[in-house]
Amino acid sequence: MSVVRHGVYLPPFGPFGEPSVLVDLAVRAEAAGWDGVFLWDHVVTDAMPIADTWTTLAAIAQATTALRLGPMVTPLARRRPWTVARQAATVDRLSGGRLILGTGLGSDESGDFSRFGEPGGLAERSSRFDEGLEVVRAMLSGDAVRHQGEHYQVTLEPAAPQPIPLWTAASTSHPHVLDRAAASDGFFPNPGPHPPSPEDLARLVTRVRPAGRPFDVAVAGNASPAWDEPTGLDLGALAEAGMTWWMESLIHFDPLELSLQVVDAGPPRA
């Protein structure tokens with residue numbers, strides 16, 4: 001059975017759209033025994049206001065001492081990968097090495113691509129994601145970067161290496177998606193509104209977990225007994241299937257106080 005860490009996972013908009021609310025939530029989470037706080041990364045939403053994920057993570061890094069933190073996930077297909085690498089390195093230094101860089105394909109569900117004229121087709125996003133990962137990895141490695149690709153051209157001199165865990169998220173089990181996950185430091189299967197079953201998760205873990213090096217598997221959902229209704233999830237079975245991080249999802253906006261009660265109650269246990 002995997003040793004499981006526990007994080008909270010939430011969107012920085014709507015009731016959580018004020019950065020000070022998010023910083024306070026992170027401080028409360030650390031005090032309550034959570035291992036991490038992870039923020040979605042969007043630029044537009046129908047649930048205003050919305051906070052910038054990276055600025056807020058920098059503030060959380062300064063307000064906490066042991067909490068792991070990061071974007072979960074930042075969509076590289078609509079980001080400049082060199083900017084993401086610099087932001088990640090900066091927040092990691094501010095936090096004393098506590099950042100986890102969660103990356104994903106992104107979607108146009110709220111208009112994050114189309115409202116700004118960004119290419120939002122699946123093939124284009126996938127191609128940009130793959131190439132963006134190459135650039136980010138190269139920049140964080142500390143080696144000289146000489147990248148001439150279809151979407152990005154980068155020339156940089158060597159710099160100090162920044163060993164930051166890089167996770168990739170996936171909503172499908174397409175072979176290319178799973179190969180991408182296997183090349184990362186962690187995997188966040190996020191197939192929809194419900195977490196994968198222990199059986200499905202075990203199959204995915206067998207497919208993507210590399211031999212001989214650390215590899216995290218994060219699963220999101222609701223398991224806290226502080227919710228109004230029991231969730232019925234078996235965290236022990238998910239841990240046996242390979243889960244190393246449980247992400248308690250705080251998307252229950254009404255009321256905000258209920259989400260804060262979940263945070264204050266501390267991590268759910270198997």
Side-chain angles (χ1 to χ4, degrees), residues 1-42 45 47-73 91 94-100 102 165 167 169 186 188 190 193-195 216-239 243-270:
M1 181 182 294
S2 304
V3 175
V4 177
R5 294 180 176 180
H6 300 82
V8 293
Y9 163 70
L10 68 156
F13 51 73
F16 302 116
E18 290 298 332
S20 59
V21 171
L22 292 167
V23 174
D24 176 67
L25 183 146
V27 171
R28 292 167 71 157
E30 185 169 64
W34 294 90
D35 300 298
V37 170
F38 301 92
L39 304 181
W40 302 11
D41 187 0
H42 290 270
T45 175
M48 297 297 282
I50 184 169
D52 175 71
T53 293
W54 285 98
T55 308
T56 305
L57 288 172
I60 290 173
Q62 291 287 278
T64 58
T65 59
L67 201 72
R68 302 303 296 265
L69 66 157
M72 200 62 62
V73 295
V91 172
L94 284 171
S95 69
R98 292 183 281 130
L99 182 78
I100 295 172
W167 295 1
F188 181 28
N190 194 17
H194 303 291
D216 279 307
V217 177
V219 179
N222 294 119
S224 173
W227 295 115
D228 288 337
E229 298 180 4
T231 62
L233 280 177
D234 188 343
L235 296 188
L238 289 169
M243 177 180 73
T244 65
W245 273 88
W246 171 254
M247 302 289 194
E248 188 72 26
S249 180
L250 301 182
I251 58 173
H252 297 259
F253 286 157
D254 188 20
L256 171 62
E257 288 73 19
L258 178 56
S259 289
L260 295 178
Q261 289 173 18
V262 170
V263 171
D264 291 339
R269 300 300 179 184

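In this text, all values refer to a predicted model and were calculated from it rather than measured experimentally.
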Q.
Apply side chain to side chain contact (heavy atoms under 4.5 Å, CB included) to residues Ile100 and Phe38 and explain how you reach the verdict.
A. CA-CA 9 Å; Ile100 295 172; Phe38 301 92; 4.1 Å; yes
Q) Going through the checks in order, is the side chain to side chain contact (heavy atoms under 4.5 Å, CB included) test met by Ser259 and Leu10? A) CA-CA 10 Å; Ser259 289; Leu10 68 156; over 6 Å; no
(Q) Checking Arg5 now: which residues fulfil side chain to side chain donor-acceptor pair (under 3.5 Å) with it, not counting sequence neighbours? (A) none
Q) Do you know which two heavy atoms are closest between Gly97 and Arg68, and how far apart they sit? A) O-NH2, 4.2 Å
Q. Taking only residues two or more places apart in sequence or in another chain, which ones pass side chain to side chain donor-acceptor pair (under 3.5 Å) with Ser224?
A. none
Q: Search all heavy atoms of Ala220 against all heavy atoms of Trp246 and return the closest pair with its distance.
A: C-CH2, 3.9 Å
Q. Hey, does the side chain of His6 reach the backbone of Gly36 with a donor-acceptor pair shorter than 3.5 angstrom?
A. no
(Q) The test is side-chain hydrogen bond (donor to acceptor under 3.5 Å, both in side chains); show your working for Arg98 and Thr64 and say whether it passes. (A) CA-CA 10 Å; Arg98 292 183 281 130; Thr64 58; 2.9 Å; yes
Q | Minimum-distance pair of heavy atoms, taken over all atoms of Leu57 and Pro71 | A | CD1-N, 3.6 Å
Q | Partner set under side chain to side chain contact (heavy atoms under 4.5 Å, CB included) for Pro195, not counting sequence neighbours | A | Val219, Leu233
Q. With sequence neighbours left out, what residues match Asp216 under side chain to side chain donor-acceptor pair (under 3.5 Å)?
A. Thr244
N/O donor to acceptor pairs below 3.5 angstrom from side-chain atoms of residues 26-34, sequence neighbours left out:
from  : atom 1 : to     : atom 2 : distance (Å)
Arg28 : NE     : Asp264 : OD1    : 3.1
Arg28 : NH1    : Asp24  : OD2    : 3.4
Arg28 : NH2    : Asp264 : OD2    : 2.5
Glu30 : OE1    : Thr65  : N      : 3.2
Glu30 : OE2    : Thr65  : N      : 3.0
Glu30 : OE2    : Ala66  : N      : 2.6
Glu30 : OE2    : Leu67  : N      : 2.9
Trp34 : NE1    : Val263 : O      : 2.8

Q: Determine, stepwise, if the pair Trp54 / Val91 fulfils side chain to side chain contact (heavy atoms under 4.5 Å, CB included).
A: CA-CA 8 Å; Trp54 285 98; Val91 172; 3.8 Å; yes
Q.
Over 60° means perpendicular and under 30° means parallel, so tell me whether Phe13 and His42 are parallel, tilted or perpendicular.
A. perpendicular
Q. Can you check whether Phe16 reaches Leu256 side chain to side chain, under 4.5 Å on heavy atoms?
A. yes
**Q.** Expected output: side-chain Asn222 to main-chain Ser249 donor-acceptor under 3.5 Å
**A.** yes
Q: Mind checking side chain to side chain contact (heavy atoms under 4.5 Å, CB included) for Ala218 and listing every partner two or more places apart, or none if nothing turns up?
A: Trp167, Phe188, Trp245, Met247
(Q) Do Asp35 and Pro267 have side chains that approach each other closer than 4.5 Å (heavy atoms only, starting at C-beta)? (A) no
Q. If you round to the nearest 0.5 Å, how far is CG of Asp41 from CD1 of Ile50?
A. 8.5 Å
**Q.** Criterion side chain to side chain contact (heavy atoms under 4.5 Å, CB included) on Leu250 and Val262, from CA distance to verdict
**A.** CA-CA 8 Å; Leu250 301 182; Val262 170; 4.1 Å; yes
Q. Taking the side chain from Glu248 and the backbone from Ala223, do they hold a donor-acceptor pair closer than 3.5 Å?
A. yes
Q: Identify the two heavy atoms, one from Ser95 and one from Leu69, that lie closest to each other, and give their separation to 0.1 Å.
A: CB-CD2, 3.9 Å
Q: With sequence neighbours left out, write down each residue that passes side chain to side chain contact (heavy atoms under 4.5 Å, CB included) with Ala51, or none if nothing qualifies.
A: Pro12, Pro19, Leu22, Thr56
Q: Return the set of residues passing side chain to side chain contact (heavy atoms under 4.5 Å, CB included) with Glu18 (not counting sequence neighbours), or none when no residue passes.
A: Ser20, Val21, Pro49
